[in-house]
Amino acid sequence: MLEEIAPTLLEKHKPKEKRLPPLPYAEPGKVVTRLPPEPSGYMHIGHAMSGILNYMYAKMYDGKLWLRFEDTNPRKVKLEYYENFRKGYKWFGIEWDYEKCNSEDLDLYYEYANELIRRGLAYVCSCSREEMSRGRFMMTECAHRQQPVEVNVSLWKDMLSGALKEGTAVLRLKGDMTSKNTVMRDPALFRIIEHPHPIVGDKYRVWPTYDIAAAIEDAICGVTHVLRSSEFALRDELQNYIRSLLGLQNPVFVEYSRFEFKGTPLAKREIRRLIEQGIVSRWDDPRLATVDGIKRRGLLPEAIKEFTISQTGLTYTKRVYAWELLYAINRRMLDPITKRYFLVPDPILVEVEGAPELHVELPYHPSEPLGKRSVHTGNKFYIPRKDVQGLKEGDVLRLKHLYNISIREVTKDSVKATFVSRDVLEGVPIVQWVTEDYVKVKVLVPDVLYQENGQLNPDSLKTIHAFGEKACTEIKCGERVQFERFGFCIRDDANVLDFIFIHA
RNA sequence: GCUCCGGUAGUAUAGACCGGUCAAGUAUACCGGCCUUUCGAGCCGGUGACCCGGGUUCAAAUCCCGGCCGGAGCACCA
C-alpha cells in the first residue's frame, strides 16, 4: 500500500545497509585474504577489527580466507598465543578456510634462499649490527656484498650447520643501497636464532625475517589482497621486489592506519608493564582492549563487527576512536535482549506505613517477551539514596511496577513514608527498589586507563556495592542484564554476585 | 634528522582518483519535543566541519605550490 503511494518515503525510512567500500581489482570468487597474527601476545581489538575486514571482504567476494601464523621468531612466539588467536577469531564469528604456520615452511624458504644466493642476488654478511645500520644510513655497500657466489654458498652452509653462531652472520638481499626507501637497502632475509621453537623445536637455527617469509607465503597461499595497517606500507616495495626475483605473483595492497581507542593501550609492551606494575590485574582486565578483556567487559562481537564496517574507513588518517561510538552500537544491540533487574546503589531504608502485602509479577523487559519474576513485598524497601535527597514531606514517589508512596520524613539512615495508591500517577518520579529479601551485589565500573593528558586515570576501576533484588541470583555468569536506571552489566563470576558495568 | 603518508562538525566517517548536482551526506555526542511505569530503547526536529595562505579555472573540500599540525618507517620484530 505504502509502496504504491509513496515508494520514495518507504525507501527513505528503510535502514541503510552498512556496506564496506569495494575492494580494488577484486573479482568475485577469486579473492583470497588472510589473517596474519604473530603469536607473541594476546589478541586485541585491533587484530580483531583487521580480521573482520579480511573476513568480510573474503565473504563479500565469495573468496577464501587464510589463517597464517607469522611465527618465524622463535624467541617471541609462545604456544598459548596460537590458541588465543584461534579462539579470538572464532568469537568474532570469523571463519577461515585454511590454516598454516610459517614455521612449517622453513625448508621451502631455504630453497628460495639457495636460489637467490646461486643467482648472486643475496649474500652472507658478517658486519656487526652497528656497521650494517651505519652502512644503510650512509647508503654505502659493505665488502661482503662483492663476495663470489661460492663464498656465499659456503657461508650459508655454515649458517645452517651451526659453524656460524647467532649474531655473527645474516643473509642479505642485494637491494638498492641508495634507495629512498630504507627497507630496500640490502635488508636481512635470514638470521640465526639459537632458540627452540614451540612447534618445530630445535630443528632449525636459521630463521627468515618477516619480509621474505611474508613475500613467499602471500604468493604461495594465492593471496590476492593484503589488508593491513599502514606501518607496513614501506614493505610493499621490498616484498614485491623479492617476489619479482622469485617469479611469484604480487597481491593488491590496501592499507589503513591503525585502530586505536581513546585512553586504551594496545601495545604488548605497555600492557605487560601495566600488569607488572599491578595497575591492571591480568590480560583479561576489563579495562584492556584485549579480546579477553572486551569479552569480560560484556561487549558483543557483533557490535564490534558493525562498528568496524560502519564507523571505520580504509584511510591513512590517524584516528583514535571514542569508546562511546562502540557503546552506542552495543547498547542498541543489547537493549532488546537483556532482562531488566532492580539494583539499588547506595541504598536507604524506606518504611511504608499502610503498605499492602503483595505478590507481584514484574516483567523482565518492557516490550520483549522475556518472562517475569515474582516478588513478595511487605512494608520495608530500599531505594537509591540519591532519589530521596531533597525530598520534602508530602512529595510522592512511585516504586516501579508497585505503588505510590508519600514521603513523611527523610533522615540520615531511613525514610518514613505512607502508602498512597496503586494506580500510575502522571508526573510522579519512578524509582527501582528491593525488599528486605535483597542480595548484596558488587559492580566493577571500568573506565579508560589513561586520561586526556596522558596521565594514568586514578579512577579507572571503581567498585560499587549495592543491593540487588533476589532474582539476581538467577543471572548466569557471562549473562548481560540491564539494571534499571543504572546501566547494562555482565555477571563476572559464577559464585559471587560480581558484575562488570558495560555502559549506561 | 631523513623518507613516505595524511589533515572534512566534539568524535568517527562519506565525498577527493574523474573540479560544478556539496549553500557538504551519515553515525555518535549535544540541545529541544514525542513516546515510555528506566535517567534504556525508539520516533521527530535542531546546533555543528572542508587546517592556513597563495595559484590554476567561468567554477576547488576536490587539482598545483608553500606553510602549519599530525602519523608511519628508518631492526638480525612482525
Side-chain angles (χ1 to χ4, degrees), chain A residues 13 16 18 21 24 36-41 69-73 75-77 102 125 127-129 132-133 136-137 139 166-172 179-185 187-193 206-211 213-214 228-235 237 255 257-258 260 262 268 306-307 310-329 331-336 338 340-342 362-363 365-368 384 386-387 398-404 422-426 428-432 482-488 503-504:
Chain A
H13 288 277
K16 256 185 222 151
K18 306 279 169 29
E38 183 194 21
S40 64
F69 288 102
E70 310 244 280
D71 57 348
T72 53
N73 187 339
R75 239 178 249 289
K76 291 179 70 180
V77 172
N102 286 0
C125 178
C127 287
S128 67
R129 281 169 195 257
M132 207 181 286
S133 164
R136 282 236 179 77
F137 184 74
M139 301 187 183
E166 178 167 350
T168 61
V170 297
L171 183 72
R172 282 229 257 175
S179 172
K180 277 185 171 181
N181 184 350
T182 48
V183 309
M184 294 301 291
R185 323 232 263 238
L189 261 24
F190 288 85
R191 76 293 207 196
I192 302 163
I193 299 177
V206 174
W207 289 89
T209 57
Y210 166 70
D211 288 296
R228 58 168 39 151
S229 51
S230 56
E231 69 254 39
F232 298 100
L234 262 16
R235 332 296 308 193
E237 187 186 355
E255 277 137 356
S257 87
R258 253 185 149 117
E260 285 181 52
K262 206 168 158 192
K268 272 173 277 207
E306 187 180 320
F307 176 78
S310 64
Q311 298 297 317
T312 273
L314 269 25
T315 31
Y316 273 109
T317 321
K318 150 91 177 171
R319 57 330 198 11
V320 180
Y321 298 110
W323 283 104
E324 286 66 30
L325 293 171
L326 216 192
Y327 293 163
I329 297 171
R331 183 181 300 120
R332 204 188 314 120
M333 288 181 168
L334 241 30
D335 194 80
T338 50
R340 313 289 136 132
Y341 287 86
F342 287 163
L362 310 181
H365 195 281
S367 55
E368 302 296 321
K386 72 169 201 269
D387 288 314
R398 181 174 180 81
L399 302 180
K400 186 167 182 182
H401 293 309
L402 202 61
Y403 48 65
N404 311 303
R422 291 188 69 170
D423 54 320
V424 179
L425 301 174
E426 197 87 7
V428 169
I430 295 163
V431 299
Q432 79 276 31
Q482 190 207 53
F483 288 129
E484 294 201 40
R485 304 208 313 137
F486 182 82
F488 291 89
H503 45 60

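Each chain gets a letter, A, B and so on, in the order its sequence line appears, and its residues count up from 1.
Closest to the side chain of A:Arg398, from the set B:G42, B:G40, B:U37, is B:U37. Distances from the side chain of A:Pro366 to the nucleotides B:G42, B:U38, B:C77 place B:U38 closest. Among the nucleotides B:U38, B:C77, B:A14, the one closest to any side-chain atom of A:Glu484 is B:U38. Comparing B:U13, B:A27, B:C76 against the side chain of A:Val170 picks out B:C76 as the nearest. Nearest nucleotide to the A:Thr315 side chain, out of B:C4, B:A14, B:G40: B:A14. Checking B:A29, B:C4, B:C77 against every side-chain atom of A:Thr209, the shortest atom distance belongs to B:C77. For A:Thr317, whose side chain is taken as the heavy atoms from C-beta onward, the closest listed nucleotide among B:A12, B:G6, B:U38 is B:G6. Distance from the side chain of A:Leu234 is smallest to B:C4 among B:C4, B:C77, B:U37. Closest to the side chain of A:Glu38, out of B:A29, B:A78, B:A27, is B:A78. Among B:A27, B:G40, B:G73, the nucleotide with an atom closest to any side-chain atom of A:Asp335 is B:G40.
Using a 4.0 Å heavy-atom distance criterion, A:Ala322 is classed as a sugar-phosphate-only contact. Within 4.0 Å of A:Gly167, counting heavy atoms only, lies at least one base atom of the nucleic acid. If you check every strand for non-hydrogen atoms under 4.0 Å, A:Asp71 touches nothing. Within the 4.0 angstrom heavy-atom criterion, no nucleotide atom of any strand lies near A:Val431. Across all strands, A:Arg235 comes closer than 4.0 Å to base atoms (heavy-atom distances). In this structure, A:Phe232 reaches the bases: a heavy-atom distance under 4.0 Å links it to at least one base atom across the strands shown. Nucleic acid contact class of A:Lys400 (heavy atoms, under 4.0 Å, all strands): base. Nucleic acid contact class of A:Ser367 (heavy atoms, under 4.0 Å, all strands): none.
Between the side chains of A:Arg136 and A:Thr182, no donor N or O sits under 3.5 Å from an acceptor N or O.
Here A:His401 contributes atom NE2 and A:Arg340 contributes atom CZ; the two are 10.5 Å apart, rounded to the nearest 0.5 Å. Taking CD1 from A:Ile430 and CG from A:Asp387, the interatomic distance works out to 11.5 Å, rounded to the nearest 0.5 Å.
A:His365 has its NE2 atom 11 Å from the C1' atom of B:G42, to the nearest Å. What separates OH of A:Tyr341 from P of B:G40 is a distance of 21 Å, to the nearest Å. In this structure, A:Tyr321 atom OH and B:U28 atom P are separated by 16 Å, rounded to whole Å. At whole-Å resolution of the value, CG in A:Leu325 and P in B:A14 are 14 Å apart. Atom C1' of nucleotide B:U28 and atom NZ of A:Lys262 are separated by 13 Å, given to the nearest angstrom. One interatomic measurement links the two molecules: CG of A:Leu326 to C1' of B:A27, which rounds to 13 Å at whole-angstrom precision. Going from atom CZ of A:Arg185 over to atom P of B:C2 covers 13 Å, rounded to whole Å. Rounded to an integer number of Å, the gap from A:Tyr327 OH to B:A29 C1' is 15 Å.
In terms of heavy atoms, A:Lys318 sits closest to A:Glu260 at NZ-OE2, 3.1 Å. Looking at every heavy atom in both residues, A:Glu70 comes nearest to A:Pro39 through O-CD, 3.8 Å. Here the closest heavy-atom approach between residue A:Thr209 and residue A:Ala188 is recorded as OG1-O, 2.9 Å. Residue A:Asp335 comes nearest to A:His365 through the heavy atom pair O-NE2, 2.9 Å, listed as atom of the first residue, atom of the second, then distance.
Checking side-chain atoms of A:Asp211 against main-chain N and O of A:Leu189 turns up no donor-acceptor pair under 3.5 Å. Checking side-chain atoms of A:Ser230 against main-chain N and O of A:Tyr316 turns up no donor-acceptor pair under 3.5 Å.
Nucleotide B:C77: unpaired (no Watson-Crick or G-U wobble partner with both distances less than 3.5 Å). Within the shown strands, B:C52 is the pairing partner of B:G66 under the Watson-Crick or G-U definition, both distances less than 3.5 Å. The nucleotide B:G32 finds its pairing partner in B:C44, both defining distances of the Watson-Crick or G-U wobble pair being shorter than 3.5 Å. Remark: B:U13 base-pairs with B:G25. Criterion, Watson-Crick or G-U wobble with two distances under 3.5 Å. Applying the Watson-Crick and G-U wobble criteria (two distances, each under 3.5 Å), B:A61 pairs with nothing in any strand. Pair assignment for B:C4 gives B:G71, based on Watson-Crick or G-U wobble hydrogen-bonding distances that are each under 3.5 Å.
Nearest-nucleotide assignment on RNA chain B puts the 5′-proximal partner with A:Gln482, out of A:Gln482 and A:Ile192. Closest-nucleotide positions on RNA chain B for A:Pro336 and A:Ala328 were compared, and the one nearer the 5' end corresponds to A:Ala328.
Straight-line distance between the P atoms of B:C63 and B:G20: roughly 11 Å, to the nearest whole Å. B:G66 and B:A72: their C1' atoms are spaced 23 Å apart (whole Å). Separation of the C1' atoms belonging to B:U37 and B:A27 is 31 Å when rounded to the nearest angstrom. Remark: the separation of the P atoms in B:U11 and B:C30 is 15 Å, to the nearest Å. Using P as the reference atom, B:G67 and B:C2 are 12 Å apart when rounded to the nearest Å. The separation of B:G46 from B:U28, taken at their P atoms, amounts to 16 Å, rounded to a whole angstrom. To the nearest whole angstrom, the two P atoms, one in B:A14 and one in B:C74, are 27 Å apart. Here, B:C68 and B:U57 have their P atoms 28 Å apart, quoted to the whole Å.
Put simply, A:Arg258 has no side-chain N or O that comes within less than 4.0 Å of OP1 or OP2 on B:C5. A close approach under 4.0 Å does not occur between any side-chain nitrogen or oxygen of A:Arg319 and OP1 or OP2 of B:G71. For A:Ser40 and B:C77, the shortest distance from a side-chain N or O to OP1 or OP2 is not below 4.0 Å. Of the side-chain N and O atoms in A:Arg136, one or more sit less than 4.0 angstrom from OP1 or OP2 of B:C76. When the side-chain nitrogen and oxygen atoms of A:Tyr316 are compared with OP1 and OP2 of B:G7, none of them lie within a distance under 4.0 Å. Dashed line: the shortest gap from a side-chain N or O of A:Lys318 to OP1 or OP2 of B:G7 is not under 4.0 Å.
For A:Lys268, the NZ atom sits in a packed shell: over 12 heavy atoms of surrounding residues, nucleotides or ligands are nearer than 6.0 Å.
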